[in-house]
Colleague: 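Structure below; questions to follow.
Throughout, a chain's letter reflects where its sequence line sits, starting with A, and its residues are numbered from 1.
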Amino acid sequence: MDVVNLKAAIEAILFALGEAISLQEIAQALDTSTEETKKLMDELVDGYNSGEKGIQIIQINTKYQFCTRPKYHEYINSLMNERSTSGLSQAALETLSIIAYKQPVTRVEVENLRGVKSSSSLQTLIDRNLIKEAGRLDAPGKPFLYETTFEFLKYAGITNLDDLPEYEVFVASVHSQEHEEVAIQID
Amino acid sequence: MDVVNLKAAIEAILFALGEAISLQEIAQALDTSTEETKKLMDELVDGYNSGEKGIQIIQINTKYQFCTRPKYHEYINSLMNERSTSGLSQAALETLSIIAYKQPVTRVEVENLRGVKSSSSLQTLIDRNLIKEAGRLDAPGKPFLYETTFEFLKYAGITNLDDLPEYEVFVASVHSQEHEEVAIQID
Amino acid sequence: MDYEIKLQEFEGPLDLLLHLVQKHEIDIFDIPISEITEQYIYYINQFKEYNMELSSEFIVMAAHLIQLKSKLLLPIEENENGEEIDPRDELAQRIYDYKIFKEISGFIKSKEDTYLKIFYKDPEYQLINDDIITNIDINSLLEAFKKVIAKSKIEAKDEEIIIHKIQSETIRIEDKIKQIITQLDNNETVEFSSLFPHRPTRTNIVVTFLALLELLKKNVIKFIQYKTCGEIIISKV
């Protein structure tokens, strides 16, 4: 891959990952050296800093992350406000639904199911007091487990988790045979 | 705010929102006209399309959204935990094709064309948000009609349904295949 | 291996017919029905040999092919304009339409490959107000969950644990044949309509019908009908 493509690849990674990521991790993904990655990253950061852009790449310690420029904060706020009047965003709702049905569950499991980095949705739900940390999984890295709160039950209008609409029925319908299969013997 | 800043503001909004957003919503947030917003958006989209970039702005109907370019997916995949998003089965693909080209269409019409029961495929497509119910046919039994969704446009990578190749394109392709087959036979 | 036929490879009878037509380089609009019927039934028997479940549509098509075959033996009908009606036209059109949609599904599939390679991101988190959410729509929660699960293949692993498999109905033709013979042993004649339960399933109808055809072929039974559209009486030969 040439330099231009490598830079674009870093851009794509930063966007999709959402959260801060180290040069080492990026270098590994691109199968190149950390030094080379650093050089490309510097160019990329400069590119976003030259001219007037709405987004930028910030460096926190040794990690890098995309974020918006603070000066455009108010426009974003007004839009977010507009959208959140209808309750939770679709992203937060999806995240909440996974936790409700699969709890206790780690962030990684949520992200695997959604296919999108979900730390921001998780934070929304924690701040809304709909989910909480529930210990750590006994696995490498000891990731946090999440579960729904008592508040969740209250606002969902159910007395306990068993009152959630059953999803087994649904899973069965998805995985049931495409054809109503019938064994017929022909002679 | 000058043009450069307005463009940057749109960029910041698209990034922060994550989800698809309409020109009207953006225009409202920026306190400018939809026409002006459209002009700025076009420039922004062009900017991301010129040169080699890792991210792009896609247009779906009248909405816009940031996303990565598909060619960099393997680098992202290597960093994301095993993404579990799966493709559609052949049965679901056939059903989706029929709905895309014959919409609005009933289940019976789909089944007649495929020659097999398709209710489970229809359910899969509804659950994946690729099709939706679109009223009922004014005929005995008042069967449901199905049509494709906004998500389908994203799935097909098109801005609107008119961007789908004409049905005749496939007829011609099938026709030329038949021709080839006959030609082989003659040899 | 030519004999390694996987039923899963065929989405339905039209798919199988299309496969046969392509394999033998046959013009869809000029299908030699006799040969195709033979081939089709050969395949179905292969499925049977490998103990594969066969959906009723495959059987219905077999019956249709046999019917077409016999129709072709009769004098050619003409429409009101005096043009000859080819009894194969309708089937040919169905295979042709199916072929086009199969072509389209290939195109849709190619789009899917790209779709699965694109990443989106969640909204950036901002706590705008401290309003407590006091209403969670439980149904939209389930809907959201369904969407997530429908897209994921993780659940396939859980499937075995969770799935309540819907029992499929199994009726064997030979059992049906025995049943009809028993009925004829007890009574001299049997009314056609009495062979079916109050609300027969499609499978039941198809199997009964095939059993009757089999008995007719083997010259075990005969049909008697006293007036047009009247009750069909079945009796032993």
Side-chain angles (χ1 to χ4, degrees), chain B residues 15-20 56 58 65-74 76-77 80 83-88 90-91 93-98 100-101 111-117 123-129 154-158 164-165 167 169-171 173-174 177-178 181-182 184-185, chain C residues 8-18 21-22 24-29 55-58 60-61 94-126 143 146-156:
Chain B
F15 180 86
L17 260 283
E19 299 158 355
Q56 59 180 334
I58 55 163
Q65 186 170 13
F66 257 126
C67 65
T68 61
R69 284 191 193 272
K71 65 187 281 195
Y72 301 108
H73 86 278
E74 52 182 306
I76 300 166
N77 264 340
M80 295 272 275
R83 194 155 75 137
S84 61
T85 310
S86 63
L88 293 172
Q90 182 57 31
L93 281 169
E94 283 180 14
T95 305
L96 182 57
S97 305
I98 293 168
Y101 279 88
E111 290 178 348
N112 280 346
L113 274 161
R114 294 192 58 225
V116 280
K117 288 230 170 271
Q123 193 56 52
T124 303
L125 294 171
I126 288 172
D127 291 331
R128 291 188 70 147
N129 212 9
K154 259 166 98 170
Y155 176 96
I158 53 177
L164 280 177
Y167 182 76
V169 171
F170 297 102
V171 174
S173 151
V174 162
Q177 284 170 33
E178 294 275 319
E181 277 158 30
V182 173
I184 292 163
Q185 214 171 0
Chain C
Q8 300 91 288
E9 279 176 14
F10 300 106
E11 288 300 328
L14 290 175
D15 202 15
L16 174 52
L17 282 174
L18 181 60
V21 161
Q22 285 173 334
H24 299 287
E25 295 171 7
I26 293 165
D27 177 358
I28 290 177
F29 289 96
S55 70
S56 57
E57 289 99 345
F58 281 94
V60 174
M61 181 59 80
R94 286 188 72 193
I95 299 173
Y96 181 73
D97 289 343
Y98 179 74
K99 187 175 184 183
I100 290 168
F101 276 106
K102 214 178 161 181
E103 183 82 7
I104 294 176
S105 73
F107 163 76
I108 298 274
K109 173 88 191 146
S110 73
K111 291 295 196 172
E112 178 181 74
D113 291 341
T114 308
Y115 173 73
L116 294 175
K117 287 176 183 168
I118 292 177
F119 290 82
Y120 295 90
K121 70 185 278 296
D122 261 6
E124 293 291 299
Y125 172 60
Q126 335 221 334
E143 289 308 310
K146 279 183 181 181
K147 273 178 203 157
V148 171
I149 297 298
K151 259 197 274 186
S152 121
K153 52 190 172 202
I154 283 184
E155 284 312 300

Colleague: Roughly how far, to the nearest 0.5 Å, is the CG atom of B/Leu164 from the NZ atom of C/Lys111?
Modeller: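 Reported value, rounded in 0.5 Å steps: 8.5 Å.
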Colleague: Any side-chain heavy-atom pair from B/Gln56 and C/Ile118 closer than 4.5 angstrom?
Modeller: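 In contact.
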Colleague: Provide the closest heavy-atom pair for C/Lys109 versus B/Leu93 in the form atom of the first, atom of the second, distance.
Modeller: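 Looks like CD-CD1, 3.4 Å.
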Colleague: Can you tell me how far apart CD (C/Glu143) and CD1 (B/Ile126) are? Round to the nearest 0.5 Å.
Modeller: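 It is 10.0 Å, given to the nearest 0.5 Å.
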Colleague: Tell me whether the guanidinium CZ or amine NZ of B/Lys154 lies under 6.0 angstrom from the six-membered ring centre of C/Tyr115 and within 45° of its axis.
Modeller: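 No.
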Colleague: Heavy-atom distance under 4.5 Å between the side chains of B/Thr68 and C/Tyr120, does that happen here?
Modeller: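 No, side chains not in contact.
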Colleague: Which value, rounded to the nearest 0.5 Å, describes the distance between C/Ile104 atom CD1 and B/Leu96 atom CG?
Modeller: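 Reported value, rounded in 0.5 Å steps: 10.5 Å.
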Colleague: Would you say the side chain of B/Leu17 lies within less than 4.5 Å of the side chain of C/Pro123, judging by non-hydrogen atoms?
Modeller: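 C/Pro123 vs B/Leu17: side chains apart.
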Colleague: Can you confirm whether C/Phe119 sits close enough to B/Asn77 that some side-chain heavy atom of one is under 4.5 Å from a side-chain heavy atom of the other?
Modeller: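 The answer is yes, as the side chains (C-beta and beyond) meet within the 4.5 Å cut-off.
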Colleague: Is B/Gln65 close to chain C through its backbone or its side chain, or both, or neither, when contacts mean heavy atoms under 4.5 Å?
Modeller: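 Only the side chain of B/Gln65 comes within 4.5 Å of chain C.
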Colleague: Looking at B/Arg114 and C/Glu11, does any basic side-chain N land under 4.0 Å from a carboxylate oxygen?
Modeller: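 Salt bridge flag = yes for C/Glu11 with B/Arg114.
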Colleague: Which region of C/Lys102, side chain (C-beta onward) or backbone (N, CA, C, O), has a non-hydrogen atom less than 4.5 Å from a non-hydrogen atom of chain B, or is it both or neither?
Modeller: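 For C/Lys102, the contact with chain B is made by the side chain alone.
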Colleague: Taking only residues two or more places apart in sequence or in another chain, which ones pass ring-ring contact (aromatic ring centres under 6.0 Å, His included) with B/Phe170?
Modeller: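 ring-ring contact (aromatic ring centres under 6.0 Å, His included) list for B/Phe170, sorted by chain: B/Tyr101, C/Phe107.
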Colleague: Chain C heavy atoms under 4.5 Å from B/Phe66: which part of the residue, side chain, backbone, both or neither?
Modeller: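 Contact with chain C involves the backbone of B/Phe66 alone.
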Colleague: Write down the atom of C/Glu57, the atom of B/Lys117, and the distance for their closest heavy-atom approach.
Modeller: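 Where C/Glu57 meets B/Lys117 most closely, the heavy atoms are OE2-N, 2.9 Å.
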Colleague: So, for B/Val174 and C/Lys99, which heavy atoms are closest and what is the spacing to 0.1 Å?
Modeller: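 For B/Val174 versus C/Lys99, the nearest heavy atoms are CG1-CD, 3.7 Å.
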Colleague: Tell me yes or no: between the side chains of B/Ser173 and C/Glu103, is some donor less than 3.5 Å from an acceptor?
Modeller: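 Yes.
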Colleague: Is there a side-chain contact between C/Pro13 and B/Val116 (heavy atoms, below 4.5 Å)?
Modeller: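 A side-chain contact exists here, since the closest heavy-atom pair is under 4.5 Å.
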Colleague: Using the rule given for side-chain contact (heavy atoms from CB on, under 4.5 Å), can you reason through B/Arg128 versus C/Lys147, listing the C-alpha separation, both sets of side-chain angles and the distance that settles it, and then say yes or no?
Modeller: CA-CA 5 Å; B/Arg128 291 188 70 147; C/Lys147 273 178 203 157; over 6 Å; no
Colleague: Ring centres of C/Phe101 and B/Tyr167 under 6.0 Å apart?
Modeller: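 Aromatic pair counts; centres sit under 6.0 Å.
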Colleague: Below 4.5 Å, heavy-atom pairs only: which of B/Gln90, B/Glu19, B/Arg69 has the largest tally toward chain C?
Modeller: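 Among B/Gln90, B/Glu19, B/Arg69, the one with the most close pairs to chain C is B/Gln90.
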Colleague: Is the backbone N or O of B/Phe15 less than 3.5 Å from a side-chain atom of C/Lys121, with the two atoms forming a donor-acceptor pair by type?
Modeller: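 The answer is yes, because a donor-acceptor pair under 3.5 Å joins these two groups.
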Colleague: How long is the straight-line distance from CG of B/Asn112 back to OH of C/Tyr98, given to the nearest 0.5 Å?
Modeller: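 Those atoms lie 14.0 Å apart.
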Colleague: Can you confirm whether B/Val171 sits close enough to C/Tyr96 that some side-chain heavy atom of one is under 4.5 Å from a side-chain heavy atom of the other?
Modeller: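 Side-chain contact under 4.5 Å: yes.
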Colleague: If you round to the nearest 0.5 Å, how far is OG1 of C/Thr114 from NZ of B/Lys71?
Modeller: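 The distance works out to 13.0 Å.
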